[in-house]
Amino acid sequence: AMTISTLTNIVLDYVCIYPLKLGMFGAALATGLGSVLGLLIQLTHFLRRGNSLRLQRIRPTVRETLQIMRCGISNFITEFSAGIVILAFNAVILRLPAGNTGVAAYGIAANIAIVCTAFFNGIGQGVQPIISTNYGALQMGRVWRAFLLAAACAGVIGLLFYGAGMLFPTQIAGLFNQEKSPELTALAVRAFHLYFLAFALMGFNIITITTLSAMAQLKEAFALSILRGVAVILPVLFLLSYFFGLDGVWLTIPVTELLIALLGVILLLRARWKLKKAHENDQTAA
């Protein structure tokens, strides 16, 4: 469903924008149709004999609704804060000598980062039910093995993206630089060298937040989401850009991810100790 939905979106993007000349409306229409097609494919599950899921009428309670919101607030903040961060980056870069060309270079790096982040989010969404189920079954060994495997996979993918940025920076920049501007190419290459350092830890942080949420450590997950999404990144952006100019802008994400990774390790160790202590107390009481 996901593959066909994405491919449909890509094909319809071209058809709607170029042959049909529908512009931005065509791009939005392609995205909508691709999503609807993916949903229809998934709904065929309910027609199969092996389906064990039945839809029932329920009356959701306020308590259940709030609990669901608490579990999802961390991911919501991660998604919502992205728009605020992009706006802040653009505003800061426009005040620097690089101006519009710097914004264009940031756009190139940020678009590639979105693709890389999609891999990390996919790993996080894949491991979340595994961690949640085993946490509920008190199989903490499996929880930590799943976390380490997910973090390792994310780390490998991050290093691959960083390696691509180091080995083929000019070629990647050229894909977005149709006018062959040497200034834009130079700024984009510099952005790859510094900005892409964040990929080494970005996946780890996303997996950490997902793991904490899956283990019902909601305060810790919420704190990391807030700090990573807004509370740390914006002060770091303003501080580094003031002292180091455009290089400071490119280093903002790597520095933020490093700080969050350090805090994430502390919170994971704290959660592990707390859960182990609670398990020992339950055994003693039994």
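Note that the structure is a prediction, hence the values are computed from the model and not measured.
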Just so I know, are the side chains of [X] and [Y] near enough to count as touching, which here means a heavy-atom distance under 4.5 Å?
X: Phe147; Y: Thr208; answer: yes
X: Pro60; Y: Thr65; answer: yes
X: Leu22; Y: Ile17; answer: no
X: Phe204; Y: Ile260; answer: no
X: Thr256; Y: Leu237; answer: no
X: Val189; Y: His193; answer: yes
X: Phe120; Y: Ile207; answer: no

Measuring from atom [atom1] of [X] to atom [atom2] of [Y], what distance do you get when rounded to the nearest 0.5 angstrom?
X: Leu251; Y: Asp247; atom1: CG; atom2: CG; value: 6.5 Å
X: Ile209; Y: Leu267; atom1: CD1; atom2: CG; value: 10.0 Å
X: Asn90; Y: Asn100; atom1: CG; atom2: CG; value: 10.0 Å
X: Ile157; Y: Phe119; atom1: CD1; atom2: CZ; value: 6.0 Å
X: Phe222; Y: Leu227; atom1: CZ; atom2: CG; value: 9.5 Å
X: Ile41; Y: Thr8; atom1: CD1; atom2: OG1; value: 7.0 Å

Least distance between heavy atoms, [X] atom then [Y] atom:
X: Ala173; Y: Ile108; value: O-CD1, 4.4 Å
X: Ala198; Y: Ile253; value: CB-CG2, 3.4 Å
X: Ile172; Y: Ala164; value: CD1-O, 3.6 Å
X: Ala104; Y: Leu184; value: CB-CD1, 3.7 Å
X: Ala261; Y: Asn205; value: CA-OD1, 3.1 Å
X: Ala214; Y: Ile131; value: CB-CG2, 3.7 Å

Determine whether a donor-acceptor pair (N or O, by modelled atom type, separation under 3.5 Å) exists between the side chain of [X] and the backbone of [Y].
X: Thr31; Y: Ala27; answer: yes
X: Thr252; Y: Gly248; answer: yes
X: Asn134; Y: Ile130; answer: yes

Do [X] and [Y] belong to the same hydrophobic cluster, where Ile, Leu, Val, Met, Phe, Trp and Tyr are linked whenever their side-chain heavy atoms lie under 4.5 Å apart, directly or via other members?
X: Val230; Y: Leu259; value: yes
X: Val236; Y: Leu239; value: yes
X: Leu218; Y: Val127; value: no
X: Leu39; Y: Ile10; value: no
X: Ile233; Y: Leu262; value: no

Full working for side chain to side chain contact (heavy atoms under 4.5 Å, CB included) between Val249 and Tyr195: CA-CA 8 Å; Val249 174; Tyr195 189 108; over 6 Å; no

The single option from Leu12, Asn9, Ile4, Leu7 passing side chain to side chain contact (heavy atoms under 4.5 Å, CB included) against Leu37: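 Between Leu37 and the candidates, side chain to side chain contact (heavy atoms under 4.5 Å, CB included) is satisfied uniquely by Ile4.
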
Applying ring pair (Phe, Tyr, Trp, His ring centres under 6.0 Å), name anything that partners [X], two or more places apart in sequence or on another chain.
X: Phe244; result: none
X: Phe196; result: Phe192, Phe199
X: Phe76; result: Phe80

Verdict with supporting geometry, Val103 and Phe89, side chain to side chain contact (heavy atoms under 4.5 Å, CB included): CA-CA 8 Å; Val103 170; Phe89 268 77; over 6 Å; no

Within residues 9-51 or reaching into it, pairs that qualify as ring-ring contact (aromatic ring centres under 6.0 Å, His included) - sequence neighbours excluded: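 Those involving residues 9-51 are Tyr14-Tyr18.
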
Check against side chain to side chain contact (heavy atoms under 4.5 Å, CB included), Gln139 and Val143: CA-CA 7 Å; Gln139 297 291 332; Val143 168; 5.7 Å; no

Pairs touching residues 216-239 that satisfy side-chain hydrogen bond (donor to acceptor under 3.5 Å, both in side chains), sequence neighbours left out: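 Qualifying pairs, neighbours excluded: Gln217-Lys274, Glu220-Arg270, Glu220-Lys274, Arg228-Glu257.
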
side-chain hydrogen bond (donor to acceptor under 3.5 Å, both in side chains) contacts in which one or both residues fall within residues 111-133, not counting sequence neighbours: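 Of all non-adjacent pairs touching residues 111-133, none passes side-chain hydrogen bond (donor to acceptor under 3.5 Å, both in side chains).
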
Lys/Arg cation over aromatic Trp144: Arg272, 6.0 Å, 45° cone: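 So Arg272 does make the cation-pi contact.
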
